[in-house]
K.L.:
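Take a look at this one; I'll ask things after.
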Amino acid sequence: MKVLSPVQMYALDKKTMEEFGIPSRVLMETAGKGCADYIQNHFLSDDTPMEISVFCGSGNNGGDGFVIARWLHFFGHKVTVFLLNELTKSSEETKVNHDLVAKLDIPIITISDEESWQNGRLPFIKSSLVIDAIFGIGFKGDLTCHYSTIVNSINRSKKQIISIDIPSGLNSETGQTKLAVKADYTLTMAALKYGHLVGEGRKYSGETVVIPIGIPQSYFDEIGESELMDEQSVKLPVRSKFSHKGTYG
């Protein structure tokens, strides 16, 4: 299984859009729908609607979150979206998916500071499942202001937490963080990233699941140099039961 740096992942996205011809909005829809399907099939029930909080940033990770919120709404769940930043500098795809959520009358609560979080967090308190789509693989630095307050609230909630692509606050290159969402599961797009495996990445990512988004396999072969080794990847030598370490030098 390929493991990519953020730069390699961005290059794959660009190549898929420009050479293979899949528009960025289709990639976002495929990513969000793939995550929603996985969440529905593994954590939710067709017979029991659940209350779900989806935390979205203003970047493309937040755009994935809007798609997930829309599909979980279609699956019959009570979804509330918490928008943690204004969309003034967002991509067109993120804005479109925000507007689709709004057209479905899915509640969108904008959180711009700690006061608005204290006033608007009741749906989060009532929810059973939390989806973290605040920051993606481009995040660097430390969480500040209301972001750190919200992440601490999520981590202390004892609810089931699913991060999208990478836990918010975790550096996807180094796996380093001072504060990040501590996910039970991370649904990452197309391939594992270095930050899931190194530094504190394993502690914060929980169980990591790769969600395919339509990138051709040949593109991974061209760009990826690192692979995750598992038991199936290594063939150990067969040795006599009556030997010891000195037998083989």
Side-chain angles (χ1 to χ4, degrees), residues 3-14 24 27-28 31-32 35 53-66 68 81-95 97-98 109-118 120-121 124 130-157 161-206 208 211 226:
V3 183
L4 304 178
S5 70
V7 171
Q8 289 173 322
M9 189 66 240
Y10 289 136
L12 273 181
D13 280 341
K14 184 177 180 181
S24 56
L27 284 177
M28 183 175 286
C35 290
S53 293
V54 182
F55 288 83
C56 294
S58 58
N60 283 350
N61 193 250
D64 294 338
F66 289 127
I68 293 167
V81 174
F82 292 90
L83 175 59
L84 270 58
N85 209 340
E86 298 295 335
L87 297 178
T88 52
K89 296 182 179 180
S90 298
S91 67
E92 191 61 34
E93 301 80 51
T94 297
K95 291 177 181 177
N97 281 298
H98 166 275
I109 301 174
T110 301
I111 305 296
S112 56
D113 52 32
E114 295 194 19
E115 182 180 359
S116 57
W117 171 239
Q118 295 301 322
R121 64 179 180 161
F124 161 72
V130 175
I131 297 172
D132 156 39
I134 305 170
F135 293 113
I137 62 173
F139 177 84
K140 294 180 180 179
D142 300 321
L143 295 172
T144 59
C145 305
H146 62 292
Y147 295 106
S148 59
T149 300
I150 291 168
V151 168
N152 277 318
S153 296
I154 291 172
N155 289 345
R156 290 195 300 262
S157 69
I161 302 168
I162 301 173
S163 286
I164 305 305
D165 219 6
I166 197 160
S168 294
L170 188 66
N171 186 304
S172 63
E173 181 101 40
T174 66
Q176 296 301 313
T177 183
K178 290 183 179 178
L179 173 65
V181 171
K182 195 167 186 179
D184 297 301
Y185 286 81
T186 297
L187 309 184
T188 191
M189 310 311 168
L192 291 173
K193 315 305 183 298
Y194 294 156
H196 295 130
L197 303 173
V198 300
E200 297 184 272
R202 286 185 181 273
K203 179 173 75 173
Y204 283 91
S205 298
T208 309
I211 303 296
S226 300

K.L.:
Counting N and O atoms only, with roles assigned by atom type, does the side chain of T208 sit under 3.5 Å from a partner on the main chain of T186, one being a donor and the other an acceptor?
P.N.:
no
K.L.:
With no hydrogens and no angle check, is any side-chain donor or acceptor of N171 less than 3.5 Å from a backbone partner on G201?
P.N.:
no
K.L.:
How many angstroms lie between atom CG of L170 and atom OG of S163, to the nearest 0.5 angstrom?
P.N.:
9.0 Å
K.L.:
Once side-chain contact (heavy atoms from CB on, under 4.5 Å) is applied, do any residues pair with S58, and if so which ones, sequence neighbours excluded?
P.N.:
N85, L87, S90
K.L.:
What is the minimum heavy-atom distance between E173 and Y194, and which atoms define it?
P.N.:
O-CB, 3.4 Å
K.L.:
Can you name the closest pair of heavy atoms from S168 and L143 and give their distance?
P.N.:
O-CD1, 4.1 Å
K.L.:
For the pair R121 and I109, evaluate side-chain contact (heavy atoms from CB on, under 4.5 Å) and give the outcome as yes or no after the intermediate values.
P.N.:
CA-CA 9 Å; R121 64 179 180 161; I109 301 174; over 6 Å; no
K.L.:
Begin with the C-alpha distance, continue with both residues' side-chain angles, and end with the deciding distance and a verdict on side-chain contact (heavy atoms from CB on, under 4.5 Å) for F82 and I134.
P.N.:
CA-CA 9 Å; F82 292 90; I134 305 170; over 6 Å; no
K.L.:
As a quick check of understanding, evaluate side-chain contact (heavy atoms from CB on, under 4.5 Å) for L83 and F66, giving each step before the final call.
P.N.:
CA-CA 10 Å; L83 175 59; F66 289 127; 4.0 Å; yes
K.L.:
Name the residue from F139, F55, F135 that meets the ring pair (Phe, Tyr, Trp, His ring centres under 6.0 Å) definition with Y147.
P.N.:
F135
K.L.:
Kindly give the heavy-atom pair with the smallest separation between L84 and H146, and that separation in Å.
P.N.:
O-NE2, 3.3 Å
K.L.:
Could you pull out the closest heavy-atom pair between A133 and G65, with the gap in Å?
P.N.:
CB-CA, 3.7 Å
K.L.:
What closest approach, in Å, do I68 and G32 show between heavy atoms, and which atom pair accounts for it?
P.N.:
CG1-O, 3.4 Å
K.L.:
Can you tell me how far the CG atom of D132 sits from the CG atom of N61, to the nearest 0.5 Å?
P.N.:
7.0 Å
K.L.:
Do D142 side-chain atoms and T144 backbone N/O form a donor-acceptor pair below 3.5 Å?
P.N.:
no
K.L.:
For A190, what residues pass the side-chain contact (heavy atoms from CB on, under 4.5 Å) criterion, not counting sequence neighbours?
P.N.:
M9, I213, I215, F220
K.L.:
Minimum heavy-atom separation for A191 to L4, with atom names?
P.N.:
CB-CD1, 3.8 Å
K.L.:
Hey, could you give me the CD1/SG distance between I150 and C145, rounded to the nearest 0.5 Å?
P.N.:
10.5 Å
K.L.:
Less than 3.5 Å apart, any donor N or O on the side chain of S116 or D113 sitting next to an acceptor on the other?
P.N.:
yes
K.L.:
State which residue, out of L187, D165, I164, fulfils the side-chain contact (heavy atoms from CB on, under 4.5 Å) condition with I211.
P.N.:
L187
K.L.:
Would you check if the side chain of S205 reaches a backbone N or O of R202 as a donor-acceptor pair within less than 3.5 Å?
P.N.:
no
K.L.:
Can you measure from CD (E93) to OG (S24) and round to the nearest 0.5 angstrom?
P.N.:
3.0 Å
K.L.:
Could you give the distance from CE (M189) to CD1 (I166), rounded to the nearest 0.5 Å?
P.N.:
11.5 Å
K.L.:
How many angstroms lie between CH2 in W117 and CD1 in I111, if you round to the nearest 0.5 Å?
P.N.:
6.5 Å
K.L.:
Go through the steps for N155 and V181 under the test side-chain contact (heavy atoms from CB on, under 4.5 Å), then give the verdict.
P.N.:
CA-CA 6 Å; N155 289 345; V181 171; 4.2 Å; yes
